Every structure is written in structure tokens, then in C-alpha cells.
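Working notes, beginning with the structure itself.
Quick caveat: nothing in here was measured; it's all calculated off a predicted structure.
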Amino acid sequence: MNNNLMIVYNIGELITSTDPWLIKDAAIVINEKTGLIKEIGKNKIIKEKYNLTNNNSIDAKGASVLPGFIDSHTHFVFGGYRADEYLWRLEGQSYSEIMEKGGGIVNTVDATRQTSFDELLNAGKKRLDNYLQQGVTTIEGKSGYGLNIETEIKQLDVMRSLNCKHPIDVVQTFMGAHSVSREFNDNKEGFVNYVIEEMLPIVAKREDVSFCDVFCDKGVFTTEETKMILQEAKSLGLKPKLHVDEIAYVGGAELAAELNAVSAEHLLKVSDEGITRMAENNVIPVILPITAFSLQEKYAPARKMLDNGLNVAVSTDFNPGSSHSYSIPLLLSLSAIKLNMNLKEIVKAVTINAAKALDRDKLIGSLEPGKYADLIILDAPSYEHLIYNIGGNIVDTVIKKGSIAHKKDKLYYEKNNIIKGDK
Ligand SMILES: N=CN[C@@H](CCC(=O)O)C(=O)O
Ligand SMILES: [Zn+2]
């Protein structure tokens, strides 16, 4: 009767990210073949109905269980580092000043062009391993450190390969308009045409690429240029996302609404009108508090967005420049302390709302029958510990599509039986 079923039982509290939000003393029945959730119920009832002696069943021992985290905005495939720029920023130079002096994104473009596919793959794998240990089961990754077709394709190929090889699902976004490439330094119009005419037709044919993103901001691409690129991308079947209103207010959120974009991201300088327009058009705001922290900028008005009914998502924005961090605990802490979000809003922001930002909410982001069994078991009795435990990773076990993808490592000294004898 239990063939191909995995049962996670003795769950102290199950956080579903849907209704009912919390189920005490719960169990989840998973179809291991499909990786989908078959049934969720009270522990006692599931125990009576199914045979728990199945080897693959897991005793959660009263711990809190919740959906796998979804990091909906990252640039995790890149070559080189920009630690020097981070130190310059600490000495008072701004992100824009460094960019205007010829640094910033184009430095990483140089490094990424010089880095081989295998090196990018290895670096990407290590970063995904780290994400997995923190409970991330789906991640978005953007290209945009190639700015020519060869290297953009190389980044996308690395992400495609990682998506096949790694338990974390990688959702790919083409971001050829991340900055103007050095070759087109004095010819931005030429670069925009290059993106539209040379890159988009090739990238849009790939089934593994879902979105097209543009850095629409002061000193980067204007709203007109962004509109041209994203309208073309849309006509070729790529769904629009926008980096907007980060450096300065440019009316980016309004443009995201006009384009019916899936998401608008950053939004540090968003206007009230932009918030209203996003709400009217179901645009998901993806807020990146680690970036504001790292740039020492004012945080995006997440509270105002939530109070206006928006489905706010939060993400690490892991990249080599503005947010060199893939720390989920830091993300959760900043969301609580700096964005004034409550625990439920924070969990939604890294689960169901993040799934919405990736247009995958029919399959992931909440725990309910018919959705993928992407879930985490905490080393804590309550999900309150996610923000109470500041900066610490309290994820014990990660299950991806019904298979155990990570279990907290045993300590080295336990594994090797190293003990200090009495002296
Ligand atoms: N703001 C634009 N893009 C990235 C930063 C890229 C970089 O500095 O390398 C971001 O989302 O923060
Ligand atoms: Zn970004």
C-alpha cells in the first residue's frame, strides 16, 4: 500500500504558505515517483492510514517544516570578484561613481568572458551547494556578465547544466541589457540594437530561458530603451522582469506595470504612484535588502507595498558587486528589522510570493497536494526561530521533489571519533 510513498511524520508545526497557514502535529505524504505531495493531514490520521515502516519515511521529531525557500533574484554565475570595489565603497565612493569611472558590472564582464565554462560551472555548483544547505530549493539566475552573445550563451549554458545536475531548480533570465558593453562604449543606441537584433532572437529560441530583464536606471538604460527591449522580448515569448528605481527614481515601477511585467526588482526609490500601478497590474515587487545594506542605502518601502496589498518577495540578489552574499539568514533578519515585515510576510516573501515572481506558483512555493514536495525541516520547534536565530542557519534537512537533497552534516569530530580523554 505504501509503494513509492515517502511520509514525513511527527511534524510539530507545518507551515504551508497557504490556507490553513499552520497545522500542528502534521504529516505529509509524498509520491516519490512524481515528487508531488499526495496528502497533508494530522499525524495521527496519516499514521493510521499508512505504514510508516517504509525506509524512506522521515521522523521530523516535532520540528517545524515549511516550503523550500525560493531565491527569486540572483546573478550567481560570474567570473572574478570585486572585493576592491567593496572596500572603495566603505571609504565613501558610491556604486554609481565606481560605475562611471569604468568599474562595476563591466569589470565582471571582462572576468566572465575570460573564465572557462568549466570554471563557471564549478563556481556555480559551489554556490548552489551553499544555497541548498540553507534550504533553497529553487533559484533564479540572470545572465548579463557577457554583454556579447558568446558569453551570454556561456552563462545560460552553465545555468542549464546546473539545473540538470543539481537538486536546486535554476530558473533562467536573460539580461543582455545589464550594462553597455565596452565595445559599444560611446554608442548605447548601437548596443540596444545589438541586444534586440542579435541577441534576443537567439536566446528566445531556447526553451530553458523564461525571462528577459533590463537594468532600467539612471546612468544605465532609459525607460524608452527598456521598453523597446522588453516589448521585443515579449513578442518572442520571454516574460519581462525589470531592475528599476534602484539608483534613482526613473518611473521604472510604472513601466513594469505598463508592460505587465511579472516582477519589478530593487525599488529603493519607487514612487507612491509606482506602488499603486504595480498593485493594479499584479506586478510582484522583489525587494533586495542585502543590496541596500551593502550599498548603505535607504531600504525599499516594503511596508508600504504590503499595506497596499502587493505580494512582496525578498531575495539575496547574490552578485559580485552590490550584494556579495547568499545568506538566507541575513536576508530574513534584514526583512524583519529593516523592512518591518512580520514573520508570516517574510516566509511568504521567500516561498509563495517568490514563486509568483518566477511564475511558478502553480507548482511550488506552498505545501499542498499537487505541488512539488520541496520542503525543509528545521532544527527548531517553531518557525519563529528563523528570525529569532540571528544570522544562523537552522535548516536541518532539505527535501527536493520528494528526495532528500541535504541533511545537516555530522560534526567532523563525531564522524572520526575524536574525543578528548580525561587528563
Ligand atoms: N543593479 C544591477 N545589477 C546587480 C548588480 C550587478 C553588479 O554590480 O555586478 C544588482 O541587481 O544589484
Ligand atoms: Zn540584480
Side-chain angles (χ1 to χ4, degrees), residues 1-18 20 22-23 25-72 125 128-140 162-171 208 328 347 350-352 354-355 358-379 383 394-409:
M1 175 192 178
N2 259 20
N3 283 349
N4 303 317
L5 295 182
M6 172 200 260
I7 299 169
V8 185
Y9 60 100
N10 288 343
I11 298 171
E13 59 165 34
L14 180 71
I15 305 301
T16 63
S17 272
T18 183
L22 188 153
I23 306 172
D25 303 319
I28 305 180
V29 184
I30 299 162
N31 182 330
E32 283 184 299
K33 267 205 165 155
T34 61
L36 297 169
I37 297 172
K38 180 176 155 70
E39 189 175 342
I40 290 177
K42 283 285 194 186
N43 199 41
K44 193 170 171 288
I45 294 170
I46 299 283
K47 271 180 163 174
E48 280 163 12
K49 193 163 161 192
Y50 298 93
N51 164 21
L52 297 185
T53 53
N54 180 337
N55 282 341
N56 293 339
S57 290
I58 297 176
D59 183 353
K61 297 182 181 150
S64 177
V65 168
L66 60 162
F69 296 138
I70 299 169
D71 198 346
S72 57
K125 183 195 169 296
L128 289 187
D129 286 346
N130 205 305
Y131 268 117
L132 182 67
Q133 288 163 33
Q134 301 176 77
V136 173
T137 47
T138 300
I139 192 174
E140 186 249 17
L162 287 168
N163 182 47
C164 295
K165 291 185 171 119
H166 200 276
I168 294 184
D169 282 333
V170 180
V171 179
D208 56 329
I328 299 297
V347 169
V350 284
T351 57
I352 189 64
L358 300 183
D359 200 17
R360 292 222 174 167
D361 51 306
K362 290 202 168 63
L363 289 174
I364 54 171
S366 58
L367 298 178
E368 47 191 312
K371 282 202 178 184
Y372 280 116
D374 290 2
L375 52 100
I376 55 191
I377 304 175
L378 297 184
D379 183 10
Y383 79 128
I394 59 164
V395 172
D396 182 86
T397 304
V398 182
I399 295 173
K400 176 68 185 174
K401 290 184 178 155
S403 298
I404 297 177
H406 169 70
K407 240 177 179 314
K408 205 189 250 175
D409 267 338

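Here CG of N130 is found 9.0 Å from CD1 of I168. Values are rounded to the nearest 0.5 Å. Rounded to the nearest 0.5 angstrom, Y372 OH and L363 CG are separated by 6.0 Å. Atom CD1 of residue I37 and atom CG of residue N31 lie 11.5 Å apart, to the nearest 0.5 angstrom. Distance check, rounded to the nearest 0.5 Å: CG of L378 to CD1 of I11 gives 11.0 Å. How far CG of D169 is from OG1 of T138: 4.5 Å, rounded to the nearest 0.5 Å. Atom CD1 in I28 sits 5.0 Å away from atom CD1 in I40 (nearest 0.5 Å).
For the pair K407 (side chain) and T397 (backbone), a donor-acceptor distance under 3.5 Å is absent. One N or O on the side chain of N163 and one on the backbone of V170 form a donor-acceptor pair closer than 3.5 Å. The backbone N or O of K401 sits less than 3.5 Å from a side-chain atom of D374, completing a donor-acceptor pair.
Looking at L162 and K125, their side chains come closer than 4.5 Å, going by heavy atoms from C-beta outward. The shortest side-chain heavy-atom distance between S17 and V347 falls under the 4.5 Å cut-off. Here the side chains of I46 and E39 are in contact, with some heavy-atom distance below 4.5 Å. Looking at M6 and I399, their side chains come closer than 4.5 Å, going by heavy atoms from C-beta outward. The closest side-chain heavy-atom distance from S64 to I15 is below 4.5 Å. For the pair I58 and I7, the minimum side-chain heavy-atom distance is 4.5 Å or more.
Summarising the geometry of A373 relative to I30, their closest heavy-atom pair is CB-CG2, 3.5 Å, with the distance given to 0.1 Å. Across V8 and A60, no two heavy atoms sit closer than the pair CG1-CB, 4.3 Å. Closest approach of A405 to P167, counting heavy atoms only: CB-CB, 3.9 Å. The two residues L375 and L367 come nearest to each other via the heavy atoms CB-CD2, 4.0 Å. Here the closest non-hydrogen pair linking S57 and Y9 is CB-CE2, 4.0 Å.
Under the side chain to side chain donor-acceptor pair (under 3.5 Å) criterion, N43 pairs with N10, sequence neighbours left out. With sequence neighbours excluded, the residues forming a ring pair (Phe, Tyr, Trp, His ring centres under 6.0 Å) with Y131 are Y326, listed by chain and number. Every residue was checked against the side chain to side chain donor-acceptor pair (under 3.5 Å) condition with T137, not counting sequence neighbours, and none meets it.
When each of V171, V350, L358 is paired with I70, the side chain to side chain contact (heavy atoms under 4.5 Å, CB included) condition holds for L358 and for no other. A side chain to side chain contact (heavy atoms under 4.5 Å, CB included) with L5 holds for exactly one of K38, K33, E32; it is K38.
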Test log, rule side chain to side chain contact (heavy atoms under 4.5 Å, CB included), inputs K400 and L132: CA-CA 10 Å; K400 176 68 185 174; L132 182 67; 5.7 Å; no
Side chain to side chain contact (heavy atoms under 4.5 Å, CB included) evaluation trace for K47 with L52: CA-CA 7 Å; K47 271 180 163 174; L52 297 185; 3.1 Å; yes
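Checked by atom type, the side-chain pair Q133/D129 shows no donor-acceptor distance below 3.5 Å. Judged by distance alone, the side chains of T18 and S366 never bring a donor and an acceptor atom under 3.5 Å apart.
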